[in-house]
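Reviewing the structure listed below.
These numbers come from the heavy atoms of this one structure, side chains and all, not from hydrogens, waters or symmetry mates. Counting begins at 1 with the first residue of the sequence.
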Amino acid sequence: MDGQGRDVKTGAVTGSGTRTPLALCLAGGGYSGAVFELGAAAALEAALGGWSPRASSVIVGTSAGAVAGAILALGVEPEEARRAVDAGGRHPLSLGRGDFSRVPWRAHAGGWLRVVAALPGLARANADGWRVRWSEVSEEARERLPAGMFTNAGIEDLVNRTARWMGRSGRFGDLAAPLRITATDLDTGESVVYGAEDPGLEVGRAVRASSAIPLYFAPVRLAGKTLIDGQIADPLHLDAAAGAGTRAVIAVNPLVPYVRPPGGSDVVSSGPTGAMDQSARVAAAIKLRASRTRFERDHPRLGLRFVEPRPDEVMTLLRAGFSRRSVLRAWELGFRCAARTLRDPDADWAGFLESLDIRLEPEGLARAEVRWGLGGPGSERGKTGAEPD
């Protein structure tokens, strides 16, 4: 890419082009969820003539969906994430464990030094004669420790790196597509949405705030607020996709609870992170049912379609790691789920798209499947997802 966000191979400008009335809404789901969403977006772009993520009326991203949404809103083609997998660490979009979690050694050391320094005073303040009430000392001491075990500053770095690669400033006022990022105000519990109304705000910082999982990551300060994961209140924030120019929404939701198929693995076999992930999925499904009902009640004229994995496919996401094979499987699962949804005869995608001036192009989807070695209609490869290493 050159400094103007132009593809130096094709000469095509990666700007927004013609805006369509179709919005793209991306849920949370961790690292594997973001990769799943980029794979799904690649299938959607291949199959929907006249639409691309850059041509969305708006892209809404929550938690991991904020990562994928920011990448797409910066003008990156969804298939570029697949190319990044092949290129390994040599590609600007290459993702590693350090992009999603780092240990803030300095913050932890500083916290424990504060605890040690405060212990004598705390012991004196919580003593009855020679007897120290250590439970009360520990309660006051923990307030001096960092608010998160890890930092997700690498996510902010990833977004900023992508912005530079695309020749953009990385602020909400300089994107290829309108973007809304959601977070939760830690001090009020209210949802916060950042977007075009905040043109000078840094997208990377908002994405970092949106994905700040409590306890795991430290809260993020932004625009005078202390923020945590946007998924706490709502995993999709469909309402944020409604507004001027939007007549329909495609929601990509990898946060489906796993259901073990006959002979399949149970959640415990995926380890402690898999159990935590499954717990988040169950909670997200409950919240999403309520928010979807509210959206359909408040916006009855807006069309809505979902792209989701089947419950028996979710083990691929529960066990996903940062190896090339894991990333590839998550991207392919997202592509396959979107392709399957687009081919569902009961969904009437042609009718859904007709009023939006967008065409369903099965041939384009089939060409993309051949290009990435994904088979085609009826292919059962990866049906339930091979279990990643």
Check your understanding: Would Ile228 end up clustered with Leu255 when hydrophobic side chains under 4.5 Å apart are linked, directly or stepwise?
Key -> no

Check your understanding: Is it true that a side-chain atom of Arg371 and a backbone atom of Ala366 form a donor plus acceptor pair closer than 3.5 Å?
Key -> no

Exercise for review: State plainly whether the residues Glu190 and Lys225 are in salt-bridge range, i.e. N to O under 4.0 Å.
Suggested key: no

Check your understanding: How far does CG of Leu333 sit from CZ of Arg310, to the nearest 0.5 angstrom?
Key -> 9.0 Å

Review point. Is any NZ, NE, NH1 or NH2 atom of the basic residue among Arg329 and Glu313 found under 4.0 Å from an Asp or Glu carboxylate oxygen of the other?
Key: no

Revision key, fill the gap. Scanning both residues in full, the closest heavy-atom pair of Ala285 with Pro257 reads CB-CG, 3.8 Å

Review point. Between the side chain of Ser211 and the main-chain N/O of Ser63, is any donor-acceptor distance below 3.5 Å?
Key: no

**Study point:** CG-CG distance between Leu222 and Asp198, expressed to the nearest 0.5 angstrom
**Key:** 8.5 Å

Exercise for review: Starting at CG of Leu93, measure out to CE of Met166 and round the result to the nearest 0.5 Å.
Suggested key: 9.0 Å

Review point. Does the side chain of Tyr258 come within less than 4.5 Å of Ser270's, by heavy atoms?
Key: no

**Study point:** Non-hydrogen side-chain atoms of Phe172 and Glu197 separated by less than 4.5 Å
**Key:** no

Review point. Hey, is Arg359 close enough to Glu354 for a salt bridge, meaning N to O under 4.0 Å?
Key: no

Point to revise | Heavy-atom side-chain proximity of Phe335 to Phe36 below 4.5 angstrom | key: no

Check your understanding: Cluster question for you: counting only ILVMFWY and a side-chain heavy-atom cut-off of under 4.5 Å, with indirect links fine, are Val193 and Leu238 together?
Key -> no

Check your understanding: Under 3.5 Å, is there a donor-acceptor pair linking the side chains of Thr226 and Arg221?
Key -> yes

Study note, to complete from the structure: So CG of Leu179 and CD1 of Ile71: to nearest 0.5 Å the spacing works out to 11.5 Å

Point to revise | Straight-line distance of Asn152 CG to Leu158 CG, nearest 0.5 Å | key: 11.5 Å

Review point. Do the non-hydrogen side-chain atoms of Pro21 and Thr246 ever get within less than 4.5 Å of each other?
Key: no

Point to revise | CH2-CD distance between Trp331 and Glu37, expressed to the nearest 0.5 angstrom | key: 14.0 Å

Practice item. Answer yes or no: does atom CG of Asp348 have more than 12 heavy-atom neighbours from other residues, nucleotides or ligands under 6.0 Å? Key: yes

Exercise for review: Indicate whether the side chain of Thr162 and that of Arg168 have a donor and an acceptor atom separated by less than 3.5 Å.
Suggested key: no

Check your understanding: Mind checking whether Trp51 and Ser56 have side chains closer than 4.5 Å, heavy atoms only?
Key -> yes

Review point. Same cluster for Leu48 and Val58 if Ile/Leu/Val/Met/Phe/Trp/Tyr side chains link at under 4.5 Å?
Key: no

Check your understanding: Got Pro311 and Arg260 here, is their nearest side-chain heavy-atom distance under 4.5 Å?
Key -> no

Exercise for review: Compare every heavy atom of Arg324 with every heavy atom of Asp86, then report the nearest pair and how far apart it is.
Suggested key: OD1-NH2, 2.8 Å

Check your understanding: Is there a path of hydrophobic side-chain contacts, each under 4.5 Å between heavy atoms of I, L, V, M, F, W or Y residues, that connects Val159 with Leu72?
Key -> yes

Review point. Side chains of Thr62 and Thr182: do they bring a donor and an acceptor to under 3.5 Å?
Key: yes

Check your understanding: With the threshold set at 4.0 Å, does a side-chain nitrogen-carboxylate oxygen contact exist between Arg82 and Glu79?
Key -> no

Study note, to complete from the structure: Residues Tyr194 and Leu227: closest non-hydrogen pair is OH-CD1, 3.5 Å

Check your understanding: Tell me, do Glu80 and His91 make a side-chain contact under 4.5 Å, heavy atoms counted?
Key -> yes

Would you give me the side-chain donor-acceptor pairs under 3.5 Å for residues 294-307, sequence neighbours excluded?
unit_1 : atom_1 : unit_2 : atom_2 : d
Arg294 : NE     : Asp239 : OD2    : 3.4
Glu296 : OE2    : Arg292 : NE     : 3.3
Arg305 : NE     : Ala347 : O      : 3.3
Arg305 : NH2    : Ala347 : O      : 2.9

**Study point:** For Pro53 against Glu45, the heavy-atom pair lying closest together
**Key:** CD-OE2, 3.8 Å

Review point. Is there a path of hydrophobic side-chain contacts, each under 4.5 Å between heavy atoms of I, L, V, M, F, W or Y residues, that connects Val249 with Leu24?
Key: no

Study note, to complete from the structure: Between Leu342 and Ala47, the two heavy atoms sitting closest are CD1-CB, 3.5 Å

Check your understanding: Hey, is Asp277 close enough to Arg281 for a salt bridge, meaning N to O under 4.0 Å?
Key -> yes

Review point. Are the side chains of Leu201 and Arg205 in touch, meaning some heavy atoms are under 4.5 Å apart?
Key: no

Less than 3.5 Å apart, which donor and acceptor atoms pair up between the side chains of residues 230-237 and the rest of the protein, not counting sequence neighbours?
unit_1 : atom_1 : unit_2 : atom_2 : d
Asp234 : OD1    : Leu236 : N      : 2.9
Asp234 : OD1    : His237 : N      : 3.1
Asp234 : OD1    : Ser291 : OG     : 3.4
His237 : NE2    : Gly230 : O      : 3.0
His237 : NE2    : Asp234 : O      : 3.2

Point to revise | Residues in side-chain contact (heavy atoms from CB on, under 4.5 Å) contact with Ser279, at least two apart in sequence or another chain | key: none

Study note, to complete from the structure: Between Leu38 and Ala81, the two heavy atoms sitting closest are CD1-CB, 3.7 Å

